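Reading through the structure tokens given below for one structure.
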Amino acid sequence: MRVRFAPSPTGFLHVGNARTAIVNYLVAKKNRATMVLRIEDTDMERSTRESEESIYRDLAWLGIFWDEGPDRGGPYGPYRQSERFDIYRKYTEQLISQGNAYRCYCTKEELESTKKGAGGEAESYTYSGRCRNLTDAERKKFEAEGRTPTVRFRVPDNEPVVVRDMIKGPVEFNSSNIGGDFIIIRSDGVPVFNYIVIIDDALMKISLVIRGDDHLSNTPKQLLVARALGLPEPEYAHLPLIMGPDRSKLSKRHGITSVEMYRSQGYLPEALMNYMAMLGWASESGEEILPLETIIDQIDLKKLSKNAPIFDFQKLRWMNGMYLREYPIERLIDLFIPHITMAGYDTSAASRRHLTEIIAVLRTKCELLSDISSLIGIFLDDVAEPDEDADAMLRGEDSKKVITAAHDLFRGELTADNFAAGLVARVKDVTGLKGKNLFMPLRAIITGRQKGPELDQSMPLIGYEKCRKRVEYCHDRYCR
RNA sequence: GUCCCCGUCGUCUAGUGGUCUAGGACACCGGGUUUUCAUCCCGGCAACAGGGGUUCGAUCCCCCUCGGGGAUGCCA
């Protein structure tokens, strides 16, 4: 079995495409198939080498690796469509000489006006077939006018075309309603996707095409080309499109959609991979957080849901948090450090051991790596400026008792050696407070907030000096 | 407009002609553990789009309607 992922390098890797890549990868692994990466860069205006590079990066980050592609070669190259124009030319000549394609001299403007003239919906337009049967004289005349022709595929009348689709089952079309003779070569000589995709799939011996649902309606065109050229027809699996919360195709306006953004916001590749794999599918046990091997073992195209799923950012976050907890702590440190740095802290000032201990405490409070930016200050700031909630809490009467008691204790019996264990116990003795009434004010004094990591775990990591300063700060602020 | 795809809790899904008073997960709500918020554990809320058939019996099979999506490009 051979499968392929064929992105067009016109921007960052979008999560929708990422899912296509993921499913291709999983299916390839499961079947010990070869995965081909093909770059579909026939849109000369929008394709860039930078985009291509970023796609490689994003795929690699996700943990997706391919066997053949522009970057690593293979027996069926080149793997960039822009480098295969000679190959397509031969097929185009064949189609024209067979009468399956013809040159069309209509200009964009003429086409545009017949659309309007057709009396209404531009959407209902199909090409008139004006240039279908030009005589040599007519052709000469157009050429003399300086027109550069496109090449159109002659779509046969009333011919059934069935797409063999592993997810949807057989899908039947009729050639008469796929929109008429379509352009296969632009007037500048560059071939279009719908034409060459099937040639490349055949030449690259792709046996199963896994791609987005948005390609389903165009598949009959491609199949018709294959038929005219005598090329083999692959089997298909059209994945339902991922939707935004408003049920339209997921796009930028729905939020973060590029893989690159997920990485920079602190999502883990394993979590994104896992989430995307589970979108539209369920494991045998019903569990959702699964190691890659299990997903590969259990994935089955026939069991993929036919529904277009809505991308659930919240669930992804949750899943990411679950991965954060299970991750090897050593790797996690390196992943967290850039986020700590970005939050404005000098990580080289703290020892790695200290950082490790802090992160061991904080990781359960984070869903994203970037969540640490609002929490790390608890450990590294000198003074913990109380936030709104903490401030409200500290204005209470019990809080003042706690502040005063803590303040006195730091002036007296508490030392660097005993403060962590001693503070809570002694404040309790002095004030007679306990439970929530004791802990919440202390938490507010020490951390500046009402939510956060366990106090008794945090205090030793914050350290005697900082704790003392924070107590003094609160004493100045609330008890005078 | 036309063609194609799809319709189970708010969301992702399991399910298959009777075992479904429809299962799980996220979210939400409540309780418990934690001398503290959170974590964690337990519990709750909540769905077979509607109408016709077929059948002894339909969430499941068929048809229609409605709803959603995609395609219809000298984008892919």
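All of these numbers come straight from a predicted model, not from anything done at the bench. Labels below follow one simple rule: chain letters A, B, ... track the order of the sequence lines, proteins then strands, and each chain is numbered from 1.
- Not one N or O on the side chain of Y105(A) forms a donor-acceptor pair closer than 3.5 Å with the backbone of E138(A).
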Distances under 3.5 Å between nitrogen or oxygen atoms of protein and nucleotides 67-71 of chain B:
| residue | atom | partner | partner atom | Å |
| --- | --- | --- | --- | --- |
| G70(B) | OP1 | K249(A) | N | 3.3 |
| G70(B) | N2 | S217(A) | OG | 3.1 |
| A71(B) | OP1 | K249(A) | NZ | 3.4 |
| A71(B) | O3' | N218(A) | ND2 | 3.4 |

Problem set entry | Protein-to-nucleotide contact annotation, 5' to 3' order, nucleotides 23-30 of chain B [B base; S sugar-phosphate only; - none; under 4.0 Å, heavy atom] | -BBSS---
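- Using atom P as the reference point in both C62(B) and C41(B), the two lie 42 Å apart (nearest Å).
- For residues 36-43 of chain A, proximity to RNA chain B is found at E40(A), T42(A), D43(A), defined as any non-hydrogen atom under 4.0 angstrom from a strand atom.
- Interface remark: the E454(A) side chain does form a donor-acceptor pair with the C37(B) base, using a distance-only criterion of under 3.5 Å.
- Every pair tested for salt bridge (charged side-chain N to carboxylate O under 4.0 Å, His left out) that includes a residue from residues 271-286 of chain A fails, sequence neighbours excluded, so the list is empty.
- Atom CD in E284(A) sits about 10 Å away from atom P in G15(B), given to the nearest Å.
- F85(A) and Y88(A) have tilted rings, their planes meeting at an angle from 30° to 60° on a 0 to 90° scale.
- Atom-to-atom, CG of N307(A) to P of C5(B) comes out at 14 Å; the value is rounded to the nearest Å.
- Rounded to a whole angstrom, the distance from the P atom of U13(B) to that of G52(B) is 30 Å.
- D456(A) comes within 4.0 angstrom of a base, heavy atoms only.
- Atoms OH (Y127(A)) and P (G73(B)) sit 13 Å apart, rounded to a whole Å.
- Distance N17(A) CG to C75(B) P: 18 Å, rounded to the nearest Å.
- Counting non-hydrogen atoms under 4.0 angstrom, R449(A) reaches nothing in the nucleic acid.
- By the 30° and 60° cut-offs, the orientation of the rings of Y262(A) relative to F313(A) is parallel.
- Applying side-chain hydrogen bond (donor to acceptor under 3.5 Å, both in side chains) to E367(A) and the options R325(A), Q314(A), R317(A) leaves one that passes, R317(A).
- Within the 4.0 angstrom heavy-atom criterion, only backbone atoms of the sugar-phosphate kind lie near K168(A); the bases stay farther away.
- V424(A) comes within 4.0 angstrom of a base, heavy atoms only.
- Rounded to whole Å, the distance from CD on Q81(A) to P on C75(B) is 14 Å.
- No hydrogens or angles were tested; on distance alone, a donor-acceptor pair under 3.5 Å links the side chain of K365(A) to the base of A38(B).
- Here the separation of G7(B) from G51(B), taken at their C1' atoms, is 15 Å to the nearest Å.
- C74(B) and A14(B) have their C1' atoms separated by 47 Å, with the value rounded to a whole Å.
- Counting non-hydrogen atoms under 4.0 angstrom, T150(A) reaches a base of the nucleic acid.
- Distance noted for atom P between C20(B) and U59(B): 14 Å (whole Å).
- Residue-level contact check: G180(A) touches neither bases nor backbone, having no heavy atom under 4.0 Å from any strand.
- Nucleic acid contact for C106(A): base, since at least one base atom lies under 4.0 Å from a heavy atom of the residue.
- Contact annotation for F173(A): backbone-only contact, meaning every heavy-atom pair under 4.0 Å involves sugar-phosphate atoms and none involves a base.
- For R449(A), the side chain to side chain donor-acceptor pair (under 3.5 Å) test picks out no residue, with sequence neighbours left out.
- Aromatic rings of Y275(A) and F311(A) (six-membered ring for Trp) have centroids within the 6.0 Å cut-off, being under it.
- Here K108(A) lies in heavy-atom contact (under 4.0 Å) with a base.
- Using a 4.0 Å heavy-atom cutoff across all strands shown, L455(A) reaches at least one base atom of the nucleic acid.
- Counting to the nearest Å, the P atom of U35(B) and the CZ atom of R443(A) are 13 Å from each other.
- Listed by chain and residue number, nothing satisfies the side chain to side chain donor-acceptor pair (under 3.5 Å) test with N17(A) (two or more places apart in sequence, or in another chain).
- For the pair I184(A) CD1 and G73(B) C1', the computed distance is 15 Å after rounding to whole Å.
- G70(B) and C37(B): their P atoms are spaced 46 Å apart (whole Å).
- Paired with D181(A) under the rule salt bridge (Lys or Arg N to Asp or Glu O under 4.0 Å), one option of R154(A), R132(A), R152(A) passes, and it is R132(A).
- Applying side-chain hydrogen bond (donor to acceptor under 3.5 Å, both in side chains) to H238(A) and the options K168(A), H215(A), R211(A) leaves one that passes, R211(A).
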